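Below: the structure, in structure tokens.
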Amino acid sequence: MTKAFHIRSDWREGDVERIVDLHRRGYEQEGGHYGADFLDHVRHTVEEADIPSRSGSCVWFVEMDGETVGCAAVVDRGKEGQLRWVVLTPETRGLGIGGKLLDAAMKHAGAQDWQSIYLETTDGLEASMALYKRLGFEVEIAEDRPLWHGGGRFIQMRKAL
């Protein structure tokens with residue numbers, strides 16, 4: 001039996017650190033390059049996005065049994081949106097929660113006056129890539145470039161709206 005969960009979309013004090021902690025918990029089993037430098041990178045990108053001050057931007061947090069177990073966001077980038085910080089804790093994967101988060105994000109993106117939405121990721125995250133492709137995202141850029149942990153494979157995907 002699946003536990004009940006709630007999705008909230010209001011920005012609250014402490015949400016920057018909530019997103020960073022979700023990435024720590026969500027990626028700690030993925031390998032060594034998701035350590036402190038990665039978490040600093042996540043913190044920087046969340047602060048840069050300044051979700052509360054951008055009218056088309058929105059974040060969604062999944063709460064289960066009083067604990068935040070996932071998130072996703074869409075950042076207003078002018079004529080396009082950017083899907084960011086899609087992460088679930090390992091114990092909540094496979095419950096359909098990620099699909100609900102992405103449904104909310106894509107519905108929000110479709111209601112904006114954007115031509116497209118894009119996301120950035122890296123190689124080695126096959127389950128995420130499969131989910132993005134099912135949503136209609138297509139790989140636009142796949143190249144080696146400097147990342148937070150040194151060199152790696154940068155992937156940018158886009159979907160027309």
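Values below: all heavy atoms of this structure, side chains included; hydrogens, waters and symmetry mates excluded. Since the structure is predicted, the reported quantities are computational estimates derived from the model, not experimental observations.
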Take Arg8 and Asp15 through the test side-chain contact (heavy atoms from CB on, under 4.5 Å) and record every step on the way to the result. CA-CA 12 Å; Arg8 72 167 171 92; Asp15 279 348; 2.7 Å; yes
Give the intermediate values and the outcome of side-chain contact (heavy atoms from CB on, under 4.5 Å) for residues Ile117 and Phe137. CA-CA 9 Å; Ile117 185 166; Phe137 283 87; 3.7 Å; yes
Assess whether side-chain contact (heavy atoms from CB on, under 4.5 Å) is satisfied between Cys71 and Val87, documenting all intermediate values. CA-CA 6 Å; Cys71 72; Val87 64; 3.7 Å; yes
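Residue His23 holds its NE2 atom at 8.5 Å from NE2 of His41, rounded to the nearest 0.5 Å. Expressed to the nearest 0.5 Å, how far CG of Leu161 lies from CE of Met106 amounts to 5.5 Å. The line from CD of Glu28 to CG of Leu39 is 9.5 Å long, rounded to the nearest 0.5 Å. Separation of atoms SG (Cys58) and CD (Gln112) is listed at 8.5 Å; rounding is to 0.5 Å. Between the CD1 atom of Ile51 and the OG atom of Ser9 there is a distance of 11.5 Å, given to the nearest 0.5 Å. Considering NZ of Lys159 and CH2 of Trp114, their distance stands at 13.5 Å, rounded to 0.5 Å.
Between Arg24 and Asp21 there is a salt bridge, since at least one side-chain N of the basic residue sits less than 4.0 Å from a carboxylate O of the acidic one. The pair Lys107-Asp103 fails the salt-bridge criterion, with no side-chain N (NZ, NE, NH1 or NH2) lying under 4.0 Å from an Asp/Glu carboxylate O. At a threshold of 4.0 Å, the pair Arg145-Glu120 does not count as salt-bridged, since none of the basic side-chain nitrogens sits closer than that to a carboxylate oxygen. Ion pairing of Asp40 with Arg43 is present here, as a side-chain N (NZ or NE/NH1/NH2) and a carboxylate O approach within less than 4.0 Å.
The environment of CD in Glu13 is sparse: at most 12 heavy-atom neighbours from other residues, nucleotides or ligands sit within 6.0 Å. Within a 6.0 Å radius of CD in Glu63, other residues, nucleotides and ligands contribute more than 12 heavy atoms. Glu143 CD: more than 12 foreign heavy atoms inside a 6.0 Å radius. By the 6.0 Å contact criterion, CG on Asp113 is open, its count of non-hydrogen atoms from other residues, nucleotides or ligands being 12 or less.
The shortest distance between side-chain heavy atoms of Lys100 and Val62 does not fall below 4.5 Å. Considering only heavy atoms from C-beta on, Val139 comes within 4.5 Å of Met129 through its side chain. Contact check for Leu22 versus Val42: no side-chain heavy atoms found under the 4.5 Å cut-off. Residues Leu102 and Val86 are in side-chain contact: their nearest non-hydrogen atoms beyond the backbone lie under 4.5 Å apart.
Using modelled atom types, no side-chain atom of Arg158 and backbone atom of Ile141 make a donor-acceptor pair closer than 3.5 Å.
The two residues Gly98 and Leu88 come nearest to each other via the heavy atoms N-CD1, 3.6 Å. Between Ser55 and Asp76, the closest heavy-atom pair is OG-OD2, 4.2 Å. Residues Ala49 and Val75 come closest through the heavy atom pair CB-CG2, 3.9 Å.
Paired with Trp85 under the rule side chain to side chain contact (heavy atoms under 4.5 Å, CB included), one option of Val20, Val74, Thr45 passes, and it is Thr45. Under the side chain to side chain contact (heavy atoms under 4.5 Å, CB included) rule, Arg153 has a single partner from Thr121, Asp144, Thr122, which is Asp144.
Applying the side-chain hydrogen bond (donor to acceptor under 3.5 Å, both in side chains) test to pairs two or more places apart or on separate chains, none has a residue in residues 124-137.
Hydrophobic clustering (side-chain heavy atoms under 4.5 Å, transitive across Ile, Leu, Val, Met, Phe, Trp, Tyr) groups Val16 together with Phe61. Note: the hydrophobic cluster containing Leu101 also contains Leu95 (ILVMFWY, side chain heavy atoms under 4.5 Å, direct or indirect links). Follow the hydrophobic side-chain contacts under 4.5 Å out from Leu135 and you never reach Tyr118; the two are in separate clusters.
Ring-plane geometry between His108 and Trp60 is classed as perpendicular, the angle between the planes exceeding 60 degrees on a 0 to 90 degree scale with a lower cut at 30.
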